Asker: 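The structure under discussion is supplied below as structure tokens; questions concerning it will follow.
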Amino acid sequence: GAPFAAAIIVTFFIQGFLTGYLFTRLHLARLFSIADRGPTTVQKESVAEARVQANEMTSAIPQDVVRVAERLAATPIDEVKPEDVAVWAKAQLIDGNSDEALVGYKRALQLHPEDDRLHLEYATVLFRAGRAADALRELQVLRSKLGDKGDPDLIEQVYAWLTYISLWEPNGFKEAIRLGEEYLARGLKPSGEIYANLAAAQGQKARPLPPDDPAFEEAAKAALGNAKSALDVDPQWRQRLRQLMYPNEPGRRTDDDDLQPFNNRPDFQSLLGVQ
């Protein structure tokens, strides 16, 4: 038995060494080479095209895109080529690094001052950095520039951010409702994000009113209609609407309570589910 055990030890020691050597030569070197090259052009494009939603819906950005953004964001800006500054800034935005994103977007806008999408994303960073008034001004300028002939997707995103940021201003629900209705009146593409913001604005409008006030009922019906429209566009908005209504909903922020005035109404419970 002893010679047989010794033979097994020697055999598998040699086999393990050869296996490790072959894996290192055939696979590990290639993986290190890929890592050193950084993200591919296709991966960078996936980051550049990712949409950062105002309402931060959970599934907005695919996880593989988030991972690529994290890799890009780890690169110091002094090592970024001029043609990659915009995607580096977008990566910082996705990764939640507002200060770095502001630096990146300022540099990118110096290189491409007429790029409307860069202006939109710059406004997004301004809001995330706590500069809501500056973000609103940037968005209003962009809204006027785009008019009725701009990219429909870009126009939708501008209005989505305008309505969302307005909700954070004192009595901003009035401006959010005005902007949301303005967007709908233009007959542009349906937007679940804007419908959700309109529902939230009606909730803010109803909050100081007693439930037996006719104005409360009017706001409730408008909020319900907008919530239904958001779900018609994309059923995934149910999660976001539930976060605005129910305090124990997973992923909810403490200040996400715009629809709470309606959480005991059967019509809303039927639409969103009873908590």
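The model shown is predicted, which means the values in this text are computed figures rather than measured ones.
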Asker: Give the minimum heavy-atom separation between F216 and P261, together with the two atoms involved.
Answerer: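 Heavy-atom minimum between the residues: CZ-O, 3.5 Å.
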
Asker: Suppose the criterion is salt bridge (Lys or Arg N to Asp or Glu O under 4.0 Å): which pairs have a residue in residues 85-113, not counting sequence neighbours?
Answerer: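 Passing the test, one end in residues 85-113: K90-E121.
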
Asker: Parallel, tilted or perpendicular: which one describes the rings of Y21 and F17, with boundaries at 30° and 60°?
Answerer: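 Taking F17 first and then Y21, their aromatic rings lie parallel (interplane angle under 30°).
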
Asker: Looking at I177 and A201, what are the two nearest heavy atoms and their distance?
Answerer: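 What the structure gives for the nearest pair is CG1-CB, 3.6 Å.
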
Asker: Which pairs would a plain distance check flag for residues 134-141, meaning a side-chain donor or acceptor within less than 3.5 Å of a matching protein atom at least two apart in sequence or in another chain?
Answerer:
{"unit_1": "D134", "atom_1": "OD1", "unit_2": "R137", "atom_2": "NH2", "d": "2.1"}
{"unit_1": "D134", "atom_1": "OD2", "unit_2": "R131", "atom_2": "NE", "d": "3.0"}
{"unit_1": "D134", "atom_1": "OD2", "unit_2": "R131", "atom_2": "NH2", "d": "3.2"}
{"unit_1": "E138", "atom_1": "OE2", "unit_2": "H119", "atom_2": "ND1", "d": "2.6"}
{"unit_1": "Q140", "atom_1": "OE1", "unit_2": "R143", "atom_2": "NH1", "d": "2.6"}

Asker: Could you list the residues that satisfy ring pair (Phe, Tyr, Trp, His ring centres under 6.0 Å) with Y183, not counting sequence neighbours?
Answerer: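 Applying ring pair (Phe, Tyr, Trp, His ring centres under 6.0 Å) to Y183 gives Y159.
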
Asker: Closest approach of P250 and Q243, non-hydrogen atoms and distance?
Answerer: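 Of all heavy-atom pairs spanning P250 and Q243, the closest is O-NE2, 3.1 Å.
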
Asker: Run D84 and T75 through side chain to side chain contact (heavy atoms under 4.5 Å, CB included) and show every step you take.
Answerer: CA-CA 11 Å; D84 290 333; T75 305; over 6 Å; no

Asker: Decide whether V80 and V47 are clustered together by the hydrophobic rule: side chain heavy atoms of Ile, Leu, Val, Met, Phe, Trp, Tyr closer than 4.5 Å, transitively.
Answerer: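 Looking at the clustering, V47 is in a separate group from V80.
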
Asker: Would a single hydrophobic cluster contain both L126 and W88, if residues Ile, Leu, Val, Met, Phe, Trp and Tyr are joined by side-chain heavy-atom contacts under 4.5 Å?
Answerer: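 The answer is no; the residues belong to distinct hydrophobic clusters.
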
Asker: Which residue pairs pass the salt bridge (Lys or Arg N to Asp or Glu O under 4.0 Å) test with at least one member in residues 6-17, sequence neighbours excluded?
Answerer: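 For residues 6-17: none.
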
Asker: What residues, two or more places apart in sequence or in another chain, satisfy side-chain hydrogen bond (donor to acceptor under 3.5 Å, both in side chains) together with D232?
Answerer: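 Residues passing side-chain hydrogen bond (donor to acceptor under 3.5 Å, both in side chains) with D232: none at all.
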
Asker: Minimum heavy-atom separation for F262 and A223, please, with both atom names.
Answerer: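 In this case the closest contact between F262 and A223 is CE1-CB, 3.6 Å.
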
Asker: Which atom names give the shortest non-hydrogen contact between Q204 and L167, and what distance separates them?
Answerer: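 It is NE2-O, 3.1 Å.
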
Asker: Can you list the other members of the hydrophobic cluster that holds I8, where links are side-chain heavy atoms under 4.5 angstrom apart?
Answerer: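 Result for I8 is F4, F12.
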
Asker: Decide yes or no on side chain to side chain contact (heavy atoms under 4.5 Å, CB included) for E193 and R240, but give the supporting numbers first.
Answerer: CA-CA 10 Å; E193 196 166 359; R240 177 60 185 163; over 6 Å; no

Asker: V103, Y122: one ILVMFWY side-chain cluster at the under-4.5 Å cut-off?
Answerer: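 No: no chain of side-chain contacts under 4.5 Å links V103 to Y122.
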
Asker: Working note: E114 + K145, criterion salt bridge (charged side-chain N to carboxylate O under 4.0 Å, His left out); need CA distance, chi angles, decisive distance, verdict.
Answerer: CA-CA 11 Å; E114 297 302 317; K145 178 184 176 182; 3.4 Å; yes

Asker: Carefully, step by step, assess T163 and L198 under the rule side chain to side chain contact (heavy atoms under 4.5 Å, CB included).
Answerer: CA-CA 8 Å; T163 52; L198 279 170; 5.7 Å; no

Asker: Decide whether L93 and V65 are clustered together by the hydrophobic rule: side chain heavy atoms of Ile, Leu, Val, Met, Phe, Trp, Tyr closer than 4.5 Å, transitively.
Answerer: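 Yes; V65 is reachable from L93 via cluster members.
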
Asker: Is there a salt bridge (charged side-chain N to carboxylate O under 4.0 Å, His left out) between K221 and D267? Walk through the geometry before answering.
Answerer: CA-CA 9 Å; K221 289 181 177 179; D267 45 6; over 6 Å; no

Asker: Hydrophobic clusters here meaning ILVMFWY residues chained together by side-chain heavy-atom distances under 4.5 Å, can you tell me if W168 and I194 are in one?
Answerer: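 Same cluster: W168 reaches I194 through Ile, Leu, Val, Met, Phe, Trp or Tyr contacts under 4.5 Å.
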
